[in-house]
There are 2 protein chains.
Amino acid sequence: MTPLKNASKQDSKNAGKPAQNGAHKAAIRQENEEQILAAAEKVFADYGFKGATTAQIAEVANVPKANVHYYFNTKEALYRRIMEDVCDHWLEAAATFDNSADPAVILRGYIESKMDLSRARPDGSRLWAHEIIRGAKFSSEYISTTVKDWLDSRVVVMRGWIKEGKMDAVEPYSLMYMIFATTQHYADFGRQIEIFNNDQALSDAQFAEAKENVVRIILKGVGLG
Amino acid sequence: MTPLKNASKQDSKNAGKPAQNGAHKAAIRQENEEQILAAAEKVFADYGFKGATTAQIAEVANVPKANVHYYFNTKEALYRRIMEDVCDHWLEAAATFDNSADPAVILRGYIESKMDLSRARPDGSRLWAHEIIRGAKFSSEYISTTVKDWLDSRVVVMRGWIKEGKMDAVEPYSLMYMIFATTQHYADFGRQIEIFNNDQALSDAQFAEAKENVVRIILKGVGLG
DNA sequence: GTCTATAACCGGATAGAC
DNA sequence: GTCTATCCGGTTATAGAC
């Protein structure tokens, strides 16, 4: 989990004061914020923006409901903050896509990173799934700019691979959607997988095997196996 | 869309009456029920069980809110009804899995059926996604019995194919999850795909191309290409 | 069978004591 | 900064007129 950006609407209030125990207060603030963010990620992951309640977030975070509104003015602000943080991490997972290394190595690295993120931060993935399923109401601008630019540049790289005969002539968008879907499935549909696995969460060994299977099927499927 | 099972808690009330215009009333009942079910599928697809409201369902169905409760006693009953109907259709999509035909033909048929269902009934898929994401609270028993039996028997068939050398030695569960994820992605993340496609829903031609790409990558990926 | 009106409760957000 | 008490609009469900 990476440090989240600071929201601090109150900073101006303390601007003039002698910084008596400012460090201490800042520490408390940061701790509370992090607790609320972690709780909100869970609750939004379960119920989506509309279905989640600030009362439940407060309960999970172990703070009074009013404090949630003190730290994050609105439910929407809290939700947006987590949503974009999740997506930013996904984009970073394929940061090295555009270099000139072996396509098989690049794709394998991307798929593995994406699988690892599903394993490490499933709630973030589920929150994102909610956001898209309900029509991307808060995120369509972000997707149509930042994410689309990111995706299109990877597609260009892939078309280059195809032209050079390094990869089968598959539609790059279809391939990327398959990678999105399959890797995020292990987070978003984790509960279903758990039930199929006799009501037990996948062990580390099982997950590692799944990851290797996903990589192998996709790489071979596009002629990189 | 298949005919839905009849819920009819009121039938007993009319049991003794002369069936004066019973046929007419039954027709009205069925029409209203179908309108409500269709509206509920949309609204639940957008907001999930908790986030959806009966008022909105009534509005979309164009009936007074009280009628929604007249036809389906509770919000939960309405939700469960649609949920199981969606899943039943998915299971039927691979009804022919256990015959002795060519594995490539069987898998292709299943993937294509599943893609077609995503195209034809995306709201049902999104409702199901909501249900799993929030922890399968209403469906865990159904999944751990009906769906798991269905899945396990397909897995047995695949292990047979592998033993006979017809298919690569991939983990069948990983493969099935990939098929679930990828095909349902075209429904569940349809809005995201639309944004990437310059804010235009995939045309029939684009969807057909995507379908063919999905089939080819997966079949080749498991040595059936 | 249909629908208006309402009961009973829960939601996000805030005021104001500490 | 913290938290109790509260406002008010929205929510499920039902009562009861038609």
Side-chain angles (χ1 to χ4, degrees), chain A residues 6-17 19-36 39-40 43-44 46-80 138, chain B residues 6-36 39-40 43-44 46-80:
Chain A
N6 291 325
S8 44
K9 58 153 190 145
Q10 242 73 15
D11 281 359
S12 56
K13 282 191 181 175
N14 299 327
K17 289 185 188 174
Q20 193 189 2
N21 52 0
H24 178 62
K25 282 192 177 174
I28 289 183
R29 163 175 287 280
Q30 199 185 344
E31 198 188 311
N32 283 340
E33 271 190 21
E34 279 170 13
Q35 240 167 330
I36 293 169
V43 177
F44 283 134
D46 277 347
Y47 299 108
F49 176 70
K50 194 151 180 271
T53 69
T54 54
Q56 206 178 348
I57 291 169
E59 196 193 326
V60 173
N62 234 314
V63 300
K65 187 172 64 152
N67 290 24
V68 172
H69 284 95
Y70 173 72
Y71 281 102
F72 300 89
N73 273 346
T74 64
K75 187 185 175 183
E76 184 178 328
L78 184 50
Y79 177 87
R80 294 186 105 109
F138 292 154
Chain B
N6 291 327
S8 44
K9 57 152 191 146
Q10 241 74 17
D11 281 358
S12 56
K13 281 191 181 173
N14 299 326
K17 290 185 189 173
Q20 192 190 4
N21 52 1
H24 178 60
K25 280 192 177 174
I28 288 183
R29 164 175 286 280
Q30 199 184 345
E31 197 187 314
N32 282 339
E33 270 190 23
E34 279 170 13
Q35 238 167 332
I36 293 168
V43 177
F44 282 133
D46 277 346
Y47 298 109
F49 176 69
K50 195 150 181 270
T53 69
T54 53
Q56 205 179 347
I57 291 169
E59 196 194 327
V60 173
N62 235 313
V63 300
K65 188 174 59 153
N67 290 25
V68 173
H69 284 94
Y70 173 72
Y71 281 102
F72 300 89
N73 273 346
T74 63
K75 187 184 173 183
E76 185 177 327
L78 185 50
Y79 178 86
R80 293 186 106 108

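Every value quoted in this text rests on a predicted model; they were computed, and no experiment measured them. Keep in mind that the numbers below use all heavy atoms, side chains included, and drop hydrogens, waters and symmetry copies.
- A sub-4.0 Å separation between OP1 or OP2 of C:dG1 and a side-chain N or O of B:Y71 is absent.
- A distance of 13.5 Å separates CD in A:Q35 from CD1 in A:I57, rounded to the nearest 0.5 Å.
- Distance B:E33 CD to C:dG1 C1': 13 Å, rounded to the nearest Å.
- Distance A:Q56 CD to C:dA13 P: 16 Å, rounded to the nearest Å.
- In this structure the side chain of A:N67 never reaches within 4.5 angstrom of the side chain of A:N32, judged on heavy atoms.
- Minimum interatomic distance between A:I36 and A:A61 (heavy atoms only, all atoms of both residues): CA-CB, 3.9 Å.
- Qualifying ring pair (Phe, Tyr, Trp, His ring centres under 6.0 Å) partners for B:Y79, counting only residues two or more places apart in sequence or in other chains: B:F44, B:F49, B:F138.
- Rounded to a whole Å, the CZ atom of A:F72 is 16 Å from the C1' atom of D:dT2.
- Spacing between atom OH of A:Y47 and atom C1' of C:dC10 amounts to 15 Å, rounded to whole angstrom units.
- Taking CZ from B:F72 and CD from B:E33, the interatomic distance works out to 4.5 Å, rounded to the nearest 0.5 Å.
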Q: Can you check each nucleotide of nucleotides 4-18 of chain D against protein heavy atoms at under 4.0 Å and return B for base, S for sugar-phosphate only, - for none, in 5' to 3' order?
A: B------SBBB----
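- Taking atom CD1 of residue B:I28 and atom C1' of nucleotide C:dT2, one finds them 10 Å apart after rounding to whole Å.
- Identified under the salt bridge (Lys or Arg N to Asp or Glu O under 4.0 Å) test for residues 46-68 of chain B, with sequence neighbours left out: B:D46-B:R126.
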